[in-house]
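Contents: one structure, followed by commentary.
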Amino acid sequence: MTAPTLLVIAHGSRDPRHAATVQALVRRAGALRPGLRVETAFLDFNLPSVPGVLDRLAADGVREVVALPLLLTRAFHAKADIPAVLRQAPAGLRVRQAEVLGPSPLLIAAVERRLYEAGLTPGDKCSTGVVLASTGSTDPEAIAVIAETARELRRTGWCSVRPAFASASLPRTDEAVRALRVDPGVRRVAVAPYVIAPGRLPDRIAAGAADADVLTDVLGPAPELARLLLERYGAAARAAADRPAA
């Protein structure tokens with residue numbers, strides 16, 4: 001039986017670094033599963049579009065697709081935009097939407113990877129405060145997930161971890177940096193962008209990190225994210241296989 005095609009759906013950006021980073025992550029995930037057909041599509045700004053890829057897959061004779069939102073939380077895009085565009089799939093193409101990437105221990109591991117790549121060591125944990133900076137959302141569920149992710153990161157041993165947001169929610173990155181400066185025990189402050197790819201809002205996070213000691217890279221094509229893509233794909237594919245025939 002042919003495995004469903006994996007369709008990774010990213011938001012898209014006018015910033016060319018965004019699409020390049022997404023494609024690098026998707027290639028890394030595909031390399032972990034040789035033989036699996038993996039496609040990428042974007043909701044906005046970039047090509048190929050989601051409808052365009054779905055039409056091409058149907059024309060190629062594909063019948064089963066797992067659509068994976070390349071998102072860290074379940075907010076408006078996962079709840080509304082992506083389901084709406086998937087409902088326009090060609091007749092005969094069965095599409096199942098996978099869960100978003102977060103929360104997951106693999107994301108915590110990816111954040112820590114970036115912190116270490118930026119020059120910190122496990123021995124620095126007890127004296128380093130971390131700003132976990134996301135793009136922001138008006139969705140309470142998404143904000144709650146970011147807050148819980150910050151708590152989970154703190155439980156790995158960092159002196160203090162505070163969430164921050166580039167838009168829609170407070171505090172901003174620079175505010176969280178200032179708060180950590182007066183946090184007892186914090187001798188250095190690191191800003192870890194909790195975002196997948198570069199773009200306008202990640203640049204705003206970087207600007208807010210001007211007074212931090214360390215700024216990490218975005219999560220990008222971290223190996224933990226590549227593994228997580230395949231985990232979410234596998235769970236959705238198994239659920240589709242277990243579904244009773246109509």
Side-chain angles (χ1 to χ4, degrees), residues 8 10-11 21-22 24-26 28-29 32 68-75 78 98-137 139-166 169 171 173 176-177 179-180 183 185-186 188-198 201-202 205-206 208-209 212-236:
V8 179
H11 181 273
T21 302
V22 168
L25 172 59
V26 174
R28 188 163 204 164
L32 295 175
L68 173 59
L70 197 62
L71 302 168
L72 298 177
T73 60
R74 264 181 51 80
E99 293 295 330
V100 298
L101 299 183
S104 169
L106 286 171
L107 290 171
I108 300 294
V111 170
E112 290 206 286
R113 171 185 292 276
R114 294 301 187 229
L115 285 163
Y116 296 147
E117 289 173 349
L120 296 172
T121 69
D124 295 322
K125 280 187 169 187
C126 63
S127 59
T128 301
V130 179
V131 177
L132 187 71
S134 78
T135 55
S137 174
D139 189 304
E141 179 185 350
I143 297 303
V145 168
I146 297 298
E148 179 56 29
T149 301
R151 288 190 289 270
E152 288 296 325
L153 182 61
R154 168 68 181 83
R155 292 182 188 114
T156 68
W158 298 95
C159 181
S160 182
V161 180
R162 291 177 178 262
F165 307 93
S169 309
T173 303
V177 170
L180 284 174
D183 197 317
V186 172
R188 68 183 64 78
V189 176
V191 173
Y194 192 60
V195 295
I196 294 173
L201 292 179
I205 290 171
D213 302 296
V214 174
L215 171 65
T216 78
D217 198 358
V218 298
L219 299 177
E224 294 84 2
L225 261 70
R227 288 170 51 200
L228 184 53
L229 261 63
L230 293 181
E231 278 193 9
R232 295 291 188 256
Y233 164 81

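Just so you know, these numbers use all the heavy atoms, side chains as well, and skip hydrogens, waters and symmetry mates. Bear in mind the structure is a predicted one, so any value in this text is a computation, not a measurement.
In this structure, R28 contributes its side chain and A226 its backbone to no donor-acceptor pair below 3.5 Å. At least one donor-acceptor pair under 3.5 Å links the side chain of R232 to the backbone N or O of V100. Panel note: side chain R154, backbone W158; a donor-acceptor pair is recorded below 3.5 Å. Side chain of T149 to main chain of V145: a donor-acceptor pair is present (N/O by atom type, distance under 3.5 Å, no hydrogens or angles). Remark: side-chain polar atoms of D213 are not paired, donor with acceptor, to backbone N or O of A190 under 3.5 angstrom. Within the 3.5 Å criterion, the main-chain N or O of T216 finds no donor-acceptor partner in the side chain of R114.
Nearest heavy-atom pair, V218 versus P198, reported as atom, atom and distance to 0.1 Å: CG2-CD, 4.0 Å. Minimum heavy-atom separation, L225 to G220: CD2-O, 3.5 Å. Smallest separation of non-hydrogen atoms from V177 and G208: CG2-O, 4.1 Å. Between D139 and A75 the shortest heavy-atom distance is OD2-CA, 3.8 Å. Residues P171 and P163 approach most closely at CG-O, 3.5 Å, considering heavy atoms. For the pair S134 and F165, the tightest heavy-atom approach, listed with the atom from each and the gap, is OG-CD2, 3.1 Å.
With a 4.5 Å cut-off on side-chain heavy atoms, E141 and T73 do not count as touching. Side-chain contact check for I205 versus V191: some heavy-atom pair is nearer than 4.5 Å. Within the 4.5 Å cutoff, the side chain of L101 has heavy atoms near those of the L229 side chain. Side-chain contact between V130 and L115 is present, with heavy atoms from C-beta onward closer than 4.5 Å. The shortest side-chain heavy-atom distance between D124 and T121 falls under the 4.5 Å cut-off. Here the side chains of H11 and L70 are not in contact, with every heavy-atom distance at 4.5 Å or above. Put simply, the side chain of L32 reaches to within 4.5 Å of the side chain of R227, judged on heavy atoms. At least one side-chain heavy atom of V214 sits less than 4.5 Å from a side-chain heavy atom of L120.
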Checklist entry - Going through the distances and angles, do L180 and V131 end up as a side chain to side chain contact (heavy atoms under 4.5 Å, CB included)? => result CA-CA 8 Å; L180 284 174; V131 177; 3.5 Å; yes

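Between Y194 atom OH and I146 atom CD1 the span is 5.5 Å, to the nearest 0.5 Å. The distance from the OH atom of Y233 to the CG atom of L68 is 11.0 Å, given to the nearest 0.5 Å. Put simply, CD1 on I196 and CG on L107 are 7.5 Å apart, with the number rounded to the nearest 0.5 Å. The CD atom of E224 sits 10.0 Å away from atom CD of E112, with the distance rounded to the nearest 0.5 Å. Note: C159 SG to K125 NZ = 12.5 Å, rounded to the nearest 0.5 Å. Between the OG atom of S137 and the CG atom of L71 there is a distance of 10.5 Å, given to the nearest 0.5 Å.
Between L132 and the options T173, I108, V111, a side-chain contact (heavy atoms from CB on, under 4.5 Å) holds for only V111.
Side-chain contact check for R188 and S127: at least one donor-acceptor pair (N or O, by modelled atom type) lies under 3.5 Å.
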